[in-house]
Amino acid sequence: MARTRRADYTRSNRIRTLPLTDPEAAARAAQRLLGARDALSRRLLGSELVALLAAQTGVTPPELVVPDEHQPHRRRDGRIVYSLQGDYRRRQPSPHDPAVARAGKPLGRIRVPNRTPARGDIVRPSAFLNTLLHEFCHHHDAEALRLVRSFHTGGFYARLRHLRDQIEAGVGDGLEEIPDVRRGPGVASPLPLLERLWSIIRAL
């Protein structure tokens with residue numbers, strides 16, 4: 001592993017927390033996001049949440065893109081073997097102002113597609129929120145920890161878990177998905193909030 005990559009990996013693995021200054025405000029923003037289903041509402045409410053998280057953790061807010069598209073995926077023998085729930089990218093700094101990208105855009109960009117890979121159902125609210133928090137942790141790695149590469153280390157998942165736990169604690173009884181009364185084609189049925197995803201993360 002090259003020296004920079006090794007240093008980034010070691011630093012990422014060493015830092016285990018991502019403290020918020022006002023978890024209650026972040027929790028309220030997350031709860032509003034859980035009530036959204038369409039791509040535009042998720043982009044607006046998700047941008048509100050990441051702006052709050054950025055302000056509370058001392059970094060600049062990233063841009064959030066929520067295309068109303070299927071998650072990118074690959075198939076083998078007719079089965080999906082890979083899907084991308086979201087991704088984080090760093091833009092090149094502007095030569096005139098290194099604090100922003102060209103045309104004044106944020107350096108960080110989070111992208112979370114709004115539909116599942118195969119059937120094109122709306123991504124579950126809890127899964128959408130989980131992906132957004134995951135990608136925000138990559139943004140925080142780049143901005144606050146100055147990592148050139150944000151690895152999925154044990155420290156990364158500890159920071160993600162700490163972030164999520166603070167938000168859940170901010171609403172007392174934990175976050176809850178708001179049932180979608182519009183249930184019909186293209187709308188996935190609500191499932192228990194992140195139970196399976198977070199049981200995996202907590203086990204790491």
Side-chain angles (χ1 to χ4, degrees), residues 26 29-54 59-92 101 103 105-143 149-152 156-157 159-161 163-164 167 175-198 200-201:
Q31 191 69 68
R32 288 192 291 272
L33 177 58
L34 286 173
R37 298 297 190 277
D38 64 277
L40 176 59
S41 296
R42 283 182 165 178
R43 179 175 66 81
L44 295 174
L45 293 171
S47 296
E48 175 186 314
L49 174 58
V50 294
L52 268 174
L53 296 177
V59 300
T60 60
E63 178 186 14
L64 174 60
V65 178
V66 184
D68 194 27
E69 301 171 358
H70 294 222
Q71 295 167 348
H73 59 282
R74 290 197 297 266
R75 292 178 182 269
R76 182 181 299 155
D77 299 326
R79 299 178 60 186
I80 292 177
V81 294
Y82 166 83
S83 65
L84 184 67
Q85 285 77 40
D87 65 84
Y88 176 73
R89 293 288 183 269
R90 294 288 288 178
R91 296 186 172 105
Q92 290 295 320
K105 291 185 176 182
L107 289 173
R109 188 223 64 176
I110 293 172
R111 184 178 185 273
V112 185
N114 199 43
R115 294 184 177 272
T116 58
R119 296 175 54 186
D121 290 339
I122 301 298
V123 171
R124 290 201 327 271
S126 55
F128 186 92
L129 174 61
N130 180 57
T131 301
L132 183 60
L133 295 180
H134 181 112
E135 302 307 335
F136 177 80
C137 284
H138 284 304
H139 177 68
H140 185 268
D141 280 1
E143 292 270 328
R149 297 173 180 84
S150 177
F151 292 102
H152 288 145
F156 176 89
Y157 284 108
R159 293 191 296 278
L160 174 57
R161 182 165 58 248
L163 177 63
R164 175 68 199 200
I167 293 175
L175 297 172
E176 295 182 358
E177 290 188 3
I178 300 172
D180 190 350
V181 298
R182 302 176 300 110
R183 290 285 302 282
V187 179
S189 59
L191 294 176
L193 174 65
L194 288 181
E195 288 178 358
R196 295 173 65 186
L197 289 173
W198 283 97
I200 295 172
I201 291 175

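For the atom pair E135 CD and N130 CG, the distance stands at 9.5 Å (nearest 0.5 Å). For the atom pair E143 CD and F136 CZ, the distance stands at 9.0 Å (nearest 0.5 Å). To the nearest 0.5 Å, atom CZ of residue R124 and atom OG1 of residue T116 are 10.5 Å apart.
Contact annotation: the side chain of L64 never approaches that of L49 to less than 4.5 Å [non-hydrogen atoms, C-beta and beyond]. Side chains of V65 and R43 form no contact here, defined as non-hydrogen atoms less than 4.5 Å apart. Put simply, the side chain of I167 reaches to within 4.5 Å of the side chain of L133, judged on heavy atoms.
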Practice problem: Show the numbers, then the answer: is there a side-chain contact (heavy atoms from CB on, under 4.5 Å) between H140 and F156? | Solution: CA-CA 10 Å; H140 185 268; F156 176 89; over 6 Å; no
Quiz item: Going through the distances and angles, do Y88 and D141 end up as a side-chain contact (heavy atoms from CB on, under 4.5 Å)?
Solution: CA-CA 11 Å; Y88 176 73; D141 280 1; over 6 Å; no
Exercise. Apply side-chain contact (heavy atoms from CB on, under 4.5 Å) to L84 and Q71, showing your working.
Key: CA-CA 6 Å; L84 184 67; Q71 295 167 348; 5.6 Å; no
Self-check item: side-chain contact (heavy atoms from CB on, under 4.5 Å) evaluation trace for R42 with L132
Solution: CA-CA 10 Å; R42 283 182 165 178; L132 183 60; over 6 Å; no
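The pair R89-E63 does not meet the salt-bridge criterion, since no charged nitrogen lies less than 4.0 angstrom from a carboxylate oxygen. Between R109 and D87 there is a salt bridge, since a side-chain N of the basic residue sits under 4.0 Å from a carboxylate O of the acidic one.
Taking each heavy atom of A51 and P61 in turn, the nearest pair found is CA-CB, 4.1 Å. The shortest heavy-atom contact between R37 and I122 is O-CG2, 3.6 Å. Across every non-hydrogen atom of A39 and N114, the tightest pair is N-ND2, 3.4 Å.
Ring pair H152/Y157 is tilted by interplanar angle, where 30° to 60° counts as tilted.
A distance-only check finds a donor-acceptor pair linking the side chain of H139 to the backbone of T60 [under 3.5 Å].
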